[in-house]
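So the structure is just underneath, and the comments pick up after that.
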Amino acid sequence: QVQLVESGGGLVQSGGSVRLSCAASGLTFTAYAMGWFRQAPGKEREFVASVSSRGGMSDYADSVKGRSTISRDNVKNTVYLQMNSLKPEDTAVYYCAGRQGTWGFRLPIGYDSWGQGTQVTVSS
């Protein structure tokens with residue numbers, strides 16, 4: 001059974017940084033592209049970043065491009081999201097997602113497996 005478990009969220013000051021982790025099990029990790037999405041109250045779930053199955057290519061939403069980095073460790077079966085220069089509008093539940101295939105995808109429907117989410121709150 002595929003399981004994705006996020007961690008690393010919490011309360012962060014505006015301008016600060018956070019590193020989210022997602023530990024994967026029950027899958028062949030190198031066969032999955034991985035993504036991060038976020039959802040704020042009253043908002044649709046939105047794409048944040050994705051990384052290809054072997055980590056060679058990454059994709060970012062315009063709202064986080066230049067201040068975020070997605071990476072993966074295929075030995076530890078873990079994907080990370082580093083976010084810097086955090087803004088209050090970054091406040092959301094952040095979800096890790098996986099899809100079988102080489103390349104990431106920007107729509108939630110493209111992903112097979114989801115974590116439970118981790119809350120990131122950015123205070124001004």
Side-chain angles (χ1 to χ4, degrees):
Q1 184 176 13
V2 175
Q3 189 170 18
L4 304 176
V5 180
E6 302 97 332
S7 62
L11 178 63
V12 189
Q13 296 291 320
S14 181
S17 299
V18 68
R19 190 182 77 152
L20 307 181
S21 299
C22 172
S25 61
L27 47 66
T28 302
F29 191 61
T30 53
Y32 280 70
M34 303 296 296
W36 287 94
F37 293 78
R38 66 187 183 186
Q39 188 167 23
K43 300 281 190 176
E44 297 290 326
R45 188 167 298 188
E46 67 173 354
F47 170 77
V48 178
S50 70
V51 62
S52 60
S53 58
R54 294 189 180 275
M57 294 188 66
S58 58
D59 185 33
Y60 300 91
D62 289 343
S63 59
V64 304
K65 191 175 297 182
R67 60 189 183 94
S68 298
T69 302
I70 187 171
S71 61
R72 64 191 296 159
D73 186 332
N74 284 354
V75 175
K76 294 184 176 182
N77 288 0
T78 302
V79 62
Y80 305 93
L81 180 68
Q82 175 74 36
M83 297 189 69
N84 305 315
S85 302
L86 287 166
K87 310 170 183 178
E89 51 262 45
D90 293 320
T91 296
V93 177
Y94 283 71
Y95 295 92
C96 175
R99 68 187 305 266
Q100 294 188 57
T102 300
W103 310 110
F105 194 64
R106 290 190 169 191
L107 297 178
I109 192 67
Y111 290 81
D112 305 303
S113 303
W114 293 84
Q116 81 289 345
T118 185
Q119 176 73 44
V120 174
T121 302
V122 183
S123 62
S124 60

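Keep in mind that this is a model prediction, so the values were computed, not measured.
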> Can you check whether D112 reaches V2 side chain to side chain, under 4.5 Å on heavy atoms?
Replying inline: no

> Between F29 and D73, which heavy-atom pair has the shortest distance, and what is it?
Replying inline: CE2-O, 3.8 Å

>> Listing request: all salt bridge (charged side-chain N to carboxylate O under 4.0 Å, His left out) pairs with a residue in residues 90-99, at least two apart in sequence or in separate chains.
In response: R38-D90, R67-D90

>> For a quick test of reading the model, state the closest non-hydrogen atom pair linking S14 to S124 and the distance between them.
In response: CB-CA, 4.0 Å

> Any donor-acceptor pair under 3.5 Å linking the side chain of R72 with the backbone of S52?
Replying inline: yes

>> Minimum heavy-atom separation for Y60 and T69, please, with both atom names.
In response: OH-CA, 3.3 Å

> What's the shortest heavy-atom distance between Y111 and A33, and which atoms?
Replying inline: CE2-O, 4.4 Å

>> Looking at every non-hydrogen atom in both residues, tell me the closest pair between T118 and G8 and how far apart they are.
In response: OG1-N, 4.3 Å

>> Using 30° and 60° as the class boundaries, would you call the ring planes of W114 and Y95 parallel, tilted or perpendicular?
In response: perpendicular

>> Would a single hydrophobic cluster contain both V51 and V64, if residues Ile, Leu, Val, Met, Phe, Trp and Tyr are joined by side-chain heavy-atom contacts under 4.5 Å?
In response: yes

>> With rounding to the nearest 0.5 angstrom, report the CG to OH distance, L81 to Y94.
In response: 7.5 Å

>> When you measure from the side chain of Q39 to the backbone of A92, do you find a donor-acceptor pair of N or O atoms at a distance under 3.5 Å?
In response: no

>> Please determine whether residues Y80 and V18 belong to a single hydrophobic cluster, defined as Ile, Leu, Val, Met, Phe, Trp and Tyr linked transitively by side-chain heavy-atom distances below 4.5 Å.
In response: no

> Are the side chains of S50 and R106 in touch, meaning some heavy atoms are under 4.5 Å apart?
Replying inline: no

>> Under a 3.5 Å distance rule, please check whether T91 uses its side chain to pair with a backbone N or O of V122 as donor and acceptor.
In response: yes

>> With side-chain contact (heavy atoms from CB on, under 4.5 Å) as the criterion, how do W103 and M57 come out once you've worked through the C-alpha distance, each side chain's angles and the decisive distance to 0.1 Å?
In response: CA-CA 8 Å; W103 310 110; M57 294 188 66; 3.2 Å; yes

>> How close do M83 and S68 get, counting heavy atoms only, and between which atoms?
In response: CG-OG, 3.6 Å

>> Distance check, rounded to the nearest 0.5 Å: Q100 atom CD versus S113 atom OG?
In response: 7.5 Å

>> So for atom NZ, which belongs to K43, do other residues, nucleotides or ligands contribute more than 12 heavy atoms lying within a distance under 6.0 Å?
In response: no

>> Are F37 and F105 linked, directly or through intermediate hydrophobic residues, by side-chain heavy-atom contacts shorter than 4.5 Å (ILVMFWY only)?
In response: yes

> Under 4.5 Å between side-chain heavy atoms, hopping through other hydrophobics if needed: is there a path connecting V5 to M34?
Replying inline: no

>> Walk me through whether S53 and T30 qualify under side-chain contact (heavy atoms from CB on, under 4.5 Å).
In response: CA-CA 5 Å; S53 58; T30 53; 5.7 Å; no

> Taking atom CD of E89 as the centre, does the number of heavy atoms from other residues, nucleotides or ligands within less than 6.0 Å exceed 12?
Replying inline: yes

> Can you tell me how far the OG1 atom of T78 sits from the CG atom of L20, to the nearest 0.5 Å?
Replying inline: 12.5 Å

> Is F47 linked to V93 within one hydrophobic cluster, defined over Ile, Leu, Val, Met, Phe, Trp and Tyr using a side-chain heavy-atom separation of less than 4.5 Å?
Replying inline: yes

